[in-house]
Amino acid sequence: MTQPHTVLVTGATGFVGRRLVSELVERGHAVRAMTRRPEAYDGEGTPVGADVGDAASLAEALAGVDVAIYLVHSLDRDDFERIDADAAASFGTVAAEAGVRQIVYLGGLGADGDDLSSHLRSRREVEGLLGIGGVPVTVLRAAIVVGHGGISWELTRQLVKNLPAMVVPKWTATRTQPIAIDDVIRYLAGVIGHEDALGQTFEIGGPDAMTYRDMLQIAGEQIQGRRTPMVTVPVLSPGLSSRWLALVTDVDATTGRNLIDSMGVEVVVTEQRIREIVPGDPLTYEEAVRRALAERTAALAAGS
């Protein structure tokens, strides 16, 4: 383990952020949990009020910080690319002025190229803009993160739960490489302050490369005790797919469309260098699903 650092976690109340804050506190880091509503924050760490869209608010939040974790995106907005680009450039500039020594960013998995979706192109753009001031950026690129409360996982869980059978678009035959939230947290925490991780980009994923159809079937076995019958149709646009999702899940159509836009492109791990920095075998998809369902059951029982 590296020595303790002063770490700022943006998006501290989110799916990844709240888990990461808890892990970093346990590891002995001095953690600042950045949120737009610090007075309402009830998690671990020290709440600090700031907004990535407001450069003036960032200076105080980043003052004295060694490592900043960037977990911000705007997929629920039609103009998310512009919003995310502006926020990343501002954050990278202010971080440099504050003397931050490392920025860690959770990006999107996928080979670079012209066929990247707007979602993944935006993630790549953010990677570069975070380093605009010269702070070394460590990028972890992931596909679908499986865990209770994650948007992509909730789409999977709710589809399987709410539909006894499905008509699915052909993009469900695209391969992806899901990763358990536990492993995402382990990797994010593991690269903090690690000299060999500075300025590096790593691909992270679970051990199983599979199609979205496979993901739905495996989840169905654990949620419903059976595989979900599926019929594939050759054409179902991202716009139509997102409306379909909005009808049978509680994910809004804009977020759904931006996510689906990425699902026609294969996103699988092509290198394993992260294991040199953070050793250990990642969880299987089946185990990740089991843990996500168990956490949801516990949360419902606790009334949260």
Side-chain angles (χ1 to χ4, degrees), residues 1-35 44-46 48 50 52 58 61-73 84 87-109 122-143 145 147 179 181-205 269 271 273-280 282:
M1 174 179 161
T2 60
Q3 66 180 20
H5 296 283
T6 298
V7 183
L8 176 76
V9 177
T10 67
T13 60
F15 167 55
V16 176
R18 60 190 172 86
R19 289 171 167 84
L20 181 59
V21 167
S22 180
E23 176 68 18
L24 296 181
V25 168
E26 185 174 334
R27 292 188 180 211
H29 296 292
V31 182
R32 297 182 188 176
M34 188 176 124
T35 171
E44 297 186 65
T46 302
V48 294
V52 294
L58 292 173
L62 285 164
V65 166
D66 302 314
V67 181
I69 315 294
Y70 198 80
L71 302 172
V72 178
H73 62 73
D84 284 353
S90 177
F91 192 88
T93 299
V94 178
E97 293 170 351
V100 173
R101 298 201 292 266
Q102 180 188 26
I103 294 174
V104 179
Y105 174 57
L106 181 60
L109 189 62
S122 175
R123 294 296 183 102
R124 293 293 188 275
E125 184 179 24
V126 168
E127 290 179 9
L129 291 172
L130 286 173
I132 197 169
V135 179
V137 180
T138 300
V139 179
L140 301 182
R141 293 178 177 173
V145 180
I179 182 171
I181 182 62
D182 303 62
D183 288 315
V184 172
I185 299 304
R186 183 169 62 87
Y187 288 138
L188 285 168
V191 299
I192 289 176
H194 200 301
E195 290 294 327
D196 292 338
L198 299 180
Q200 298 295 310
T201 297
F202 302 96
E203 296 181 349
I204 61 173
V269 172
E271 53 87 9
R273 292 184 304 117
I274 188 63
R275 298 199 190 187
E276 300 171 9
I277 307 296
V278 188

Verify, without hydrogens or angle tests, whether [X] (side chain) and [Y] (backbone) share a donor-acceptor contact under 3.5 angstrom.
X      : Y      : value
Thr93  : Gly133 : no
Glu203 : Val269 : no
Arg141 : Thr201 : no

[X]: what forms a salt bridge (Lys or Arg N to Asp or Glu O under 4.0 Å) with it, not counting sequence neighbours?
X      : answer
Glu23  : Arg27
Arg186 : Asp183
Glu271 : Arg273

Tell me, do [X] and [Y] make a side-chain contact under 4.5 Å, heavy atoms counted?
X      : Y      : result
Ile69  : Val67  : yes
Val278 : Phe202 : no
Asp84  : Glu125 : no
Leu62  : Glu97  : no
Tyr70  : Val137 : no
Met34  : Val48  : yes
Val191 : Ile274 : yes
Thr138 : Gln102 : yes

With Leu106 as partner, the option from Ile204, Leu20, Val72 fulfilling side chain to side chain contact (heavy atoms under 4.5 Å, CB included) is Ile204
Atom of Ala68, atom of Val100 and distance for their closest heavy-atom approach
N-CG1, 4.0 Å
Shortest non-hydrogen contact from Ser90 to Leu58?
OG-CD1, 4.0 Å
Taking the inter-plane angle between the rings of His5 and His29 on a 0 to 90° scale, is it parallel (under 30°), tilted (30 to 60°) or perpendicular (over 60°)?
parallel
